[in-house]
Amino acid sequence: MKFRYAMVCSSNQNRSMEAHSLLKKQGFEVSSYGTGAHVKLPGPSVREPNVYEFGTPYKHMYDDLRRKDSELYRRNGILAMLKRNATVKLAPQRWQENAVDGVFDVVLTFEEKVFDMVIEDLHNRDQVLLKAVLVINLEVKDNHDEAAVGAKHTLDLCQEIEKAESWEESIDEIIAGFENKYRRKLLYSVSFY
């Protein structure tokens with residue numbers, strides 16, 4: 001593969017990790033991140049989410065939730081998601097703290113507010129390399145079924161980008177082709193490192 005990809009959602013748990021897992025299996029050079037202040041997972045009620053710091057290992061979250069209420073978190077799919085995540089990487093990472101990971105060619109987000117945060121963060125960084133980075137938002141509801149569909153669409157989009165001689169020259173056609181095929185609107189922007 002010729003490009004480096006980053007998958008970004010709010011907590012680096014569901015949407016970004018589903019896409020990260022699928023792209024990694026297909027041989028892409030891919031990383032994933034979240035943009036939130038903390039990692040939030042559903043709790044026993046909407047007012048009682050489980051909150052963790054970025055960098056807390058997925059295995060620790062799995063063990064913690066299994067201890068709290070294994071039946072609830074098995075039934076709602078959180079334990080299976082955390083188990084998958086632990087096979088992809090150690091812990092959720094925060095986008096705003098990823099500079100040590102180097103630069104990416106393409107960043108995919110799965111929610112418009114996350115897209116805006118990534119764009120803002122890139123604009124606030126020192127742009128010394130003047131290397132272009134394509135940021136695309138594919139809106140995906142934050143549930144397990146939609147994340148799986150979104151990951152397949154993301155794979156298809158990334159495969160089309162890989163086929164291009166230069167994404168800079170082909171992006172309008174790639175986006176239009178994707179939107180026609182899936183009847184889903186994409187936002188995109190070009191930023192610089």
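When the salt bridge (charged side-chain N to carboxylate O under 4.0 Å, His left out) test is applied to Lys40, no partner is found at least two apart in sequence or on another chain. Residues satisfying the side-chain contact (heavy atoms from CB on, under 4.5 Å) criterion with Glu53, sequence neighbours excluded, are His38, Thr56. Qualifying side-chain hydrogen bond (donor to acceptor under 3.5 Å, both in side chains) partners for Thr154, counting only residues two or more places apart in sequence or in other chains: none. The salt bridge (charged side-chain N to carboxylate O under 4.0 Å, His left out) check on Lys141 picks up nothing, with sequence neighbours excluded. Every residue meeting the ring pair (Phe, Tyr, Trp, His ring centres under 6.0 Å) condition with Tyr182, not counting sequence neighbours, appears here in chain and number order: His153, Phe178. Looking at residues two or more places apart in sequence or on another chain, you find no side-chain hydrogen bond (donor to acceptor under 3.5 Å, both in side chains) involving Glu173. Legend: residues meeting ring pair (Phe, Tyr, Trp, His ring centres under 6.0 Å) with Phe115, ordered by chain and number and at least two apart, are absent. Taking the side-chain hydrogen bond (donor to acceptor under 3.5 Å, both in side chains) definition, one finds that His60 meets it with nothing, sequence neighbours left out. Residues that satisfy the side-chain hydrogen bond (donor to acceptor under 3.5 Å, both in side chains) test with Gln159, not counting sequence neighbours, are absent from this structure.
Distance alone, capped at 3.5 Å, is enough to place a donor-acceptor pair between the Lys2 side chain and the Ala164 backbone. The main-chain N or O of Tyr33 is never found under 3.5 Å from a side-chain atom of Arg94 such that the two would form a donor-acceptor pair. At least one donor-acceptor pair closer than 3.5 Å links the side chain of Gln127 to the backbone N or O of Leu122.
In this structure, Ser16 and Ser32 approach most closely via the heavy-atom pair O-CB, 4.0 Å. Scanning all heavy atoms of the two residues, the minimum distance from Ser191 to Ile119 falls at OG-CD1, 3.9 Å.
Within the structure, salt bridge (charged side-chain N to carboxylate O under 4.0 Å, His left out) contacts touching residues 18-33 (residues at least two apart or in different chains) are Arg4-Glu29, Glu18-Arg84. For residues 117-130, every residue pair satisfying the salt bridge (charged side-chain N to carboxylate O under 4.0 Å, His left out) rule, not counting sequence neighbours, is listed here: Asp121-Arg125.
Counting Ile, Leu, Val, Met, Phe, Trp and Tyr side chains that sit under 4.5 Å apart, directly or through other members, Met17 shares a hydrophobic cluster with Val39, Leu41, Tyr52, Phe54, Tyr58, Met61, Tyr62, Leu65, Leu72, Tyr73, Ile78, Leu79, Met81, Leu82, Val88.
Ion pair Asp156/Lys152 not flagged as a salt bridge, since none of the NZ, NE, NH1 or NH2 atoms sits closer than 4.0 Å to an Asp/Glu carboxylate oxygen.
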